[in-house]
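Presented below is the structure to which this report refers.
Just so it is clear, the structure is predicted and the values come from calculations on it, not from any experiment. In what follows, chains carry the letters A, B, and so on, assigned in the order in which the sequence lines appear, proteins first and then strands, with residues in each chain numbered from 1.
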Amino acid sequence: MQNEQDQILNEVTTGEYKFGFYTDIEQDSIAKGLNEDVVRMISAKKKEPEFMLEFRLKAYRHWLTMKMPEWAHLKIPEIDYQDHIYYSAPVQRAKLNSLDEVDPELLETFNKLGIPLEEQKHLSGVAVDAVMDSISVKTTFREALAELGIIFCSFSEAVKEHPDLVKQYMGSVVPYTDNYFAALNSAVFSDGSFCFIPKGVRCPMELSTYFRINAANTGQFERTLIVAEDKSYVSYLEGCTAPMRDENQLHAAIVEIVAMESAEVKYATVQNWYPGNKEGKGGIYNFVTKRGICKGDNSKISWTQVETGSAITWKYPSCILKGHNTTGEFYSVAVTNNHQQADTGTKMIHIGKNSRSIIVSKGISAGVSNNSYRGQVKVLRGADNARNFSQCDSLLLGDKCGAHTFPYIESANHSAIIEHEATTSKIGEDQIFYCNQRGISTEDAIGLIINGYTKEVLNKLPMEFAVEAQKLLLISLEGSVG
Amino acid sequence: MLVIKDLRVSIEGEEILKGINLEVNAGEVHAIMGPNGSGKSTLAAILAGRDIYEINSGTVLYKGEDLLDKSPEERAKDGLFLGFQYPIEIPGVSMVNFMKTAINEMRKHRGEEPLSASEFLKKMREKKDLVEISSSLTNRSVNEGFSGGEKKKNEIFQMAMLEPQLAILDETDSGLDIDALRIVARGVNNLKSPHNATIVITHYQRLLEYIVPDFVHVLFNGRIVKSGGKELALLLEEKGYEWVRSEEVNL
Ligand SMILES: Nc1ncnc2c1ncn2[C@@H]1O[C@H](COP(=O)(O)OP(=O)(O)O)[C@@H](O)[C@H]1O
Ligand SMILES: [Mg+2]
C-alpha cells in the first residue's frame, strides 16, 4: 500500500506522457489520401473475401454523402481526410519460424508498453490481442481459449476463418450509416479484435486488446466485435497509446457487442492516446462509436471507461436494451487537462420491459480544457417499468477549465422512472492546505481527493487495471494544482 | 520550542500582525485571548504555513530551526499541529484513509515503518474512545456533513492520533457545550508532557478552567498587549476587552 503510494507520488512528480516513444521499424504503407481505390487496396492487402469489399465500398459511398457532426461541444479543426494514410503495417523483419512468432522489435515495443506478448510472461488470466497501426501483431492464449469454444482473434483472421459469424454480426449494432465516423471506419478499418463466447461458457480470463499507433500521419481505424451467446460471460479490456507528435492523428473506431439471453459482457477501456503537449499542439483525435445490444432477455452489458488521453474525444458507449429484464451500465471517468477537449457520455435505449440502466459519469477538468457529459436516456412505449438512474459529477481543478452536462431524457412509457443527479465541485486551496497541515503533500492530497471521487468507477475495473488507472489519472493531472 | 520575534504580517497590503513576540517552551501551555479580528487566526495560520499572507519582517524559530522557510507539510511532519477554527470538508476522502496517510507520512519522516492495519485500527479505537467520537463519524468522509461541534471534536481526535509536539488550537472551544468542552480539555491534557507544548487560542476563559494555562497573552489589534499567568484570564473575563483597550492607550 505504502510502496504503491510512493510509486504513484514518484510518477506524479516526474509525470510526463510515458508512452510517447516511437519504434523505428519498416512500415508497409500506402500513399496518403482516400478514394475508392484506397478502399479496394486495403481490402486486397488483407486478402478479404468479396463480401467485405462490398461492405467497405457501400460504406465509403455513403460516407461521401455525409458531413462531420457539429453538435458536440468541441472545437474540431478542419480535418483534411486526404492528408492521412489509411493503411500502414509494421513489417516483421526477423526470419520467423512459425506464424505464431513475433518480430523481437515488436515484442520489445509491447514490452515497453507493459504488455508482454509471451504467454508465460504475461499476467496470468489475461489474454491479449496486440494491434499496431493497421494490423494485429499477436493474440495470446488463443489455443487455451479455443478448447472452451471461445474464439479470440484479430478481426482479419475472423473474416477469413469465421466469415459467417462476421457476416451475421458485423454492422448489426452499428450500421455503417450510423454516423460520419462509423461510415469512415466501415470503409477503411484495417484490424481489431473478434471475440465469440459460445452458449453457457464463462470466459475464464480477461480478454484484452491493446491498440498502439506507431506510424506518422497514419490514422488508426479498428473494429471490435464481441458476441456472447446465451448464458455466457466475458470481461473485456481495451488499452491504447501513441507516440508524441506535433501533428494530430486520427483514430476512428467501432466496437459492437451482442449479448444474447442471460449473457453478460463487461467492456472496460483505459484510453490513453497522446493528448498533445501543454500548449495544445498534437494529440490524437478520437472519434469512437461503441454500442452494445442486450438482445436476449436477462442479458447485461456494462461499459467502464477511464479516458485520460486524446486531444479530442468524441465517444458515447451505448446500450440498446432490447430484451426484457436487461441491464445497461455506463461508468466513466473522463479527465481533461491543458487544451484537451472531451465530449463523452452514453445512450441507454430502453425497449424491453423491466429494463434497467445506470449511468455514473465523473468528469475532471484542469488547465484550459473542456469536459462535457452528453447522455441520452430513451424509454420506448413498450418498456414497462423501465428504470434509469444517472449521476453526473464534475470536478474542476482551477478556474480556466470548463465542465458541461447535456442530459437528454425521452420517455414514452408512464411506468418508467428516470432519475438524474448532477453535481459540480472544485478542489479548493483550503482543502489542500488542510491536508498539508496533516503532513500530506499537495500531490498526495490531490491523489486522495481524486481517488475518492473516482472510486465508484475504478472499482468496476479488474483489480490490476484499477491500480494502473489510478496512477494514470494522477499523471494526467500533474501540474494542474498548486 | 517556539520563538517568535517581531513578526509583522499583512494581507492585501493591510498589516494584521504588527510585531508579535512570543516564546513557548516545552512542557508549557499558553493561552492567547483577544477580541474578534485581533489576528489570532492569522497568527495560527502563519505558524502552520498558509501562504496567502505577506510576511513583512520577523523570525520564527521552531525547535531551533527557521520555521517560515518550511512547507506546511514539513512543519506538520516536524510535529506542528493546527486545530482549525473552521475545519474543512473533503468529500470522498474517508477519515480512515486520511488519517492513515497522515500518520504514515509522519512516520516516514521519522524513519519509521508504516503502521500495520491492525496497529492503525487499534490506535483509532483508543483515540476514538478518548475523545468520545463515534465510529459513524470516523467512517465518513473528512468533516463532510459534520455538525460544528463534531468538527471540533474531530480536530481533537486528529491531534490525539498524530501526537504533535506543538499543538495550536484555534477556538476549538467555540460553540461547544460543557460536555464537549471537557472532552476537548481531556484530549489536550492527555497529550501534555515535558516534551510537548500547546497554544490554546480562545475567546472565553471557560475553557481555561479545564486546561490550565501557564501563560495567558492578550492579542489586541495585531499586538500582544498583555501577558501574565492564568489569573489574567479571569481579569479579562471580569473587565472585558474594553479594559485592554484602555490599557493599550496607556502603554
Ligand atoms: N483572507 C483574508 N483576507 C482579508 N482579510 C483578512 C483575511 N483573513 C483575515 N483577515 C483580516 O485580518 C484581521 C484578523 O483576522 P483573524 O486573524 O481571523 O482574527 P481573529 O482570529 O483574531 O478573529 C481581520 O480584520 C480580518 O478581517
Ligand atoms: Mg479566529
* Asked: Does K127(B) NZ have over 12 foreign heavy atoms under 6.0 Å away?
  -> yes

* Mind checking which of residues 54-66 of chain B sit less than 4.5 Å from chain A, heavy atom to heavy atom? -> none

* residues 67-76 of chain B: residues contacting chain A (heavy atom under 4.5 Å, by number) -> P72(B), E73(B), A76(B)

* Structure fact -> Among residues 145-158 of chain B, those lying within the under-4.5 Å heavy-atom range of chain A are E155(B), Q158(B)

* Asked: Looking only at side chains, do D430(A) and Y86(B) share a donor and an acceptor under 3.5 Å apart?
  -> no

* Given side chain to side chain contact (heavy atoms under 4.5 Å, CB included), test F98(B) with I440(A) step by step and report yes or no. => CA-CA 9 Å; F98(B) 183 68; I440(A) 302 168; 3.8 Å; yes

* Closest contact, heavy atoms only, Q431(A) versus I90(B) -> NE2-CA, 3.9 Å

* To do: Against chain B, label E456(A) side chain, backbone, both or neither, depending on which of its atoms sit under 4.5 Å from a heavy atom there.
  => neither

* **Residue pair R50(B) / E429(A): nearest heavy atoms and the distance that separates them** => NH2-OE2, 3.6 Å

* **Atom pair CD/CD1 of Q437(A) and I168(B) - distance to nearest 0.5 Å** => 7.5 Å

* To do: Answer with side chain, backbone, both or neither: which region of D78(B) has an atom nearer than 4.5 Å to a non-hydrogen atom of chain A?
  => neither

* Asked: What heavy-atom pair brings E105(B) and D444(A) nearest, and what distance separates the two atoms?
  -> OE2-OD2, 3.5 Å

* Asked: Contact part of I103(B) toward chain A, heavy-atom cut-off under 4.5 Å: side chain, backbone, both or neither?
  -> neither

* Asked: Is the closest side-chain heavy-atom distance between Y453(A) and V93(B) below 4.5 Å?
  -> no

* Least distance between heavy atoms, R438(A) atom then A102(B) atom -> O-CB, 3.2 Å

* Structure fact -> Under 4.5 Å to a heavy atom of chain A? For P87(B) that would be both

* Parallel, tilted or perpendicular: which describes the rings of F433(A) and F84(B), with under 30° parallel and over 60° perpendicular? -> perpendicular

* Pairing residues for T172(B) by the side chain to side chain donor-acceptor pair (under 3.5 Å) criterion, not counting sequence neighbours -> none

* Asked: When rounded to the nearest 0.5 angstrom, what distance separates CG in L82(B) from CG in N436(A)?
  -> 12.0 Å

